[in-house]
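Heavy-atom basis, side chains included; hydrogens, waters and symmetry copies ignored. Just so it is clear, the structure is predicted and the values come from calculations on it, not from any experiment.
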Amino acid sequence: MDVCIRSFLAEDEVQLAKLADNPRIFRNVRDIFPSPYTLDDARAWIEFATSKKKPHTNQAIVVNGKLAGCIGAAVGNDIHRISVEVGYWLGEPFWGKGIMTQALQQWIEQVWIIAPDARRLWAGVLAYNEPSMRVLEKAGFQKEAILKQAVIKNKKVCDEHIYALLRP
């Protein structure tokens, strides 16, 4: 299986909308993620992701030439400027195949280049999203903390698990 990370293309919009319009995806991402996810949302996301200067910090996950999901990085600011938050989601047809771990491993290498001053990558995971925790662990991240009752999703308060990977 050929897994790669690349910038979004205008022709990704239909597949992006198809994959992202899924309550099982929305259940595990921030509320800013649209649900339902429309073709207009896909167009707006692609425009946003490609409008910034390169290297793009929000990229497409591609499997065998087909859009499969999204991965991104957000460099912290002020005293957090040496930390980079990573986030991702993968379309349901691609779940359980080791794709996300491969994509994250590739992304880690790119993020260290994109953010040369970064010392730490981190990700927050909703307490019930055990598959995402396994992805992070397989990619070398370690659980640093469990923030009790730190987030609310779908009107339910839950814990957030914080994972981090330090620059080698």
Quiz prompt | I61 and F94, any side-chain heavy atoms less than 4.5 Å apart | solution = no
Self-check item: Distance, nearest 0.5 Å, that separates CH2 of W112 from CZ of R167
Solution: 5.0 Å
Self-check item: Nearest heavy atoms of G124 and E160, plus distance in Å
Solution: CA-OE2, 3.4 Å
Practice problem: Tell me, with the steps shown, if Q59 and Q110 meet side chain to side chain contact (heavy atoms under 4.5 Å, CB included). | Solution: CA-CA 11 Å; Q59 302 238 338; Q110 290 184 38; 4.2 Å; yes
Practice problem: Start with the C-alpha gap between L39 and V14, add the side-chain angles, then the distance that decides, and say whether side chain to side chain contact (heavy atoms under 4.5 Å, CB included) holds. | Solution: CA-CA 6 Å; L39 194 54; V14 171; 4.1 Å; yes
Quiz prompt | Spatial distance of atom OH (Y128) from atom NE2 (H161) [nearest 0.5 Å] | solution = 11.0 Å
Quiz prompt | E47 atom CD, neighbour heavy-atom count above 12 within 6.0 Å | solution = no
Self-check item: Polar side-chain atom of D2 near backbone of N64 as donor-acceptor pair, under 3.5 Å
Solution: no
Practice problem: Applying side chain to side chain contact (heavy atoms under 4.5 Å, CB included), run through T50 and W45 and close with a yes or a no. | Solution: CA-CA 8 Å; T50 58; W45 175 254; over 6 Å; no
Self-check item: Matching residue for F141 among L166, I108, V135 - test: side chain to side chain contact (heavy atoms under 4.5 Å, CB included)
Solution: I108
Practice problem: Taking all heavy atoms of P34 and all of D41, pick out the closest pair and write down the distance. | Solution: CB-OD2, 3.5 Å
Practice problem: Can you see which heavy atom on F8 is nearest to which on A60, and at what distance? | Solution: CE1-N, 3.6 Å
Practice problem: Would you indicate whether the side-chain heavy atoms of L19 and W89 approach each other to under 4.5 Å? | Solution: yes
Quiz item: Are the side chains of Q106 and C4 in touch, meaning some heavy atoms are under 4.5 Å apart?
Solution: yes
Self-check item: Residues, nucleotides or ligands: over 12 heavy atoms within 6.0 Å of Q142 CD
Solution: no
Exercise. Would you please say whether a donor-acceptor pair under 3.5 Å links the side chains of Y163 and S132?
Key: no
Practice problem: Could you check if a side-chain atom of R27 sits within less than 4.5 angstrom of a side-chain atom of K153, using non-hydrogen atoms only? | Solution: no
Quiz item: Quick one: does L165's side chain get under 4.5 Å of R120's, heavy atoms only?
Solution: no
Quiz item: Do the non-hydrogen side-chain atoms of Y88 and L104 ever get within less than 4.5 Å of each other?
Solution: yes
Quiz item: Less than 4.0 Å between a side-chain N and a carboxylate O, is that true for E85 and R30?
Solution: yes
Self-check item: Nearest-0.5 Å distance that lies between atom CD1 in I146 and atom CD1 in I162
Solution: 10.0 Å
Quiz prompt | Verdict with reasoning, D117 to R81, per salt bridge (charged side-chain N to carboxylate O under 4.0 Å, His left out) | solution = CA-CA 8 Å; D117 295 331; R81 65 188 173 272; over 6 Å; no
Exercise. Quick one: pull up CD in E109 and CD in Q105 and give me the separation to the nearest 0.5 Å.
Key: 8.5 Å
Self-check item: Single-linkage hydrophobic cluster, 4.5 Å side-chain cutoff, I25 and M133 together
Solution: yes
Quiz item: Does CG in N154 sit with more than 12 non-hydrogen atoms of other residues, nucleotides or ligands closer than 6.0 Å?
Solution: yes
Practice problem: Determine the interplanar angle of the F26 and F33 rings, folded into 0 to 90°, and report it as parallel if under 30°, tilted if 30 to 60°, perpendicular if over 60°. | Solution: tilted
Quiz item: Taking C-beta and beyond as the side chain, do Q149 and C158 meet within less than 4.5 Å on heavy atoms?
Solution: no
Practice problem: Could you check I46, L67, D40 and say which one makes a side chain to side chain contact (heavy atoms under 4.5 Å, CB included) with E13? | Solution: I46
Quiz item: How far does CG of N22 sit from OG of S35, to the nearest 0.5 angstrom?
Solution: 8.5 Å
Exercise. Consider only side-chain heavy atoms of I, L, V, M, F, W and Y, link residues closer than 4.5 Å, and tell whether V29 and V86 are in one cluster.
Key: yes
Quiz item: Please walk me through it: do W95 and R24 pass side chain to side chain contact (heavy atoms under 4.5 Å, CB included)?
Solution: CA-CA 11 Å; W95 291 359; R24 294 182 73 188; 3.7 Å; yes
Quiz item: Could you give the distance from CG (L16) to CD (E11), rounded to the nearest 0.5 Å?
Solution: 12.5 Å
Self-check item: Linked, directly or transitively: M100 and M1 (ILVMFWY side chains, under 4.5 Å)
Solution: yes
Quiz item: Distance-only, no hydrogens or angles: does the T101 side chain make a donor-acceptor pair with backbone N or O of G98 under 3.5 Å?
Solution: no
Quiz prompt | Side chain N58, main chain G72, donor-acceptor under 3.5 Å | solution = no
Quiz prompt | Pairwise side-chain contact, V62 with I5, heavy-atom cut-off 4.5 Å (strictly under) | solution = no
Quiz prompt | Basic-acidic side-chain contact under 4.0 Å: R6, D12 | solution = yes
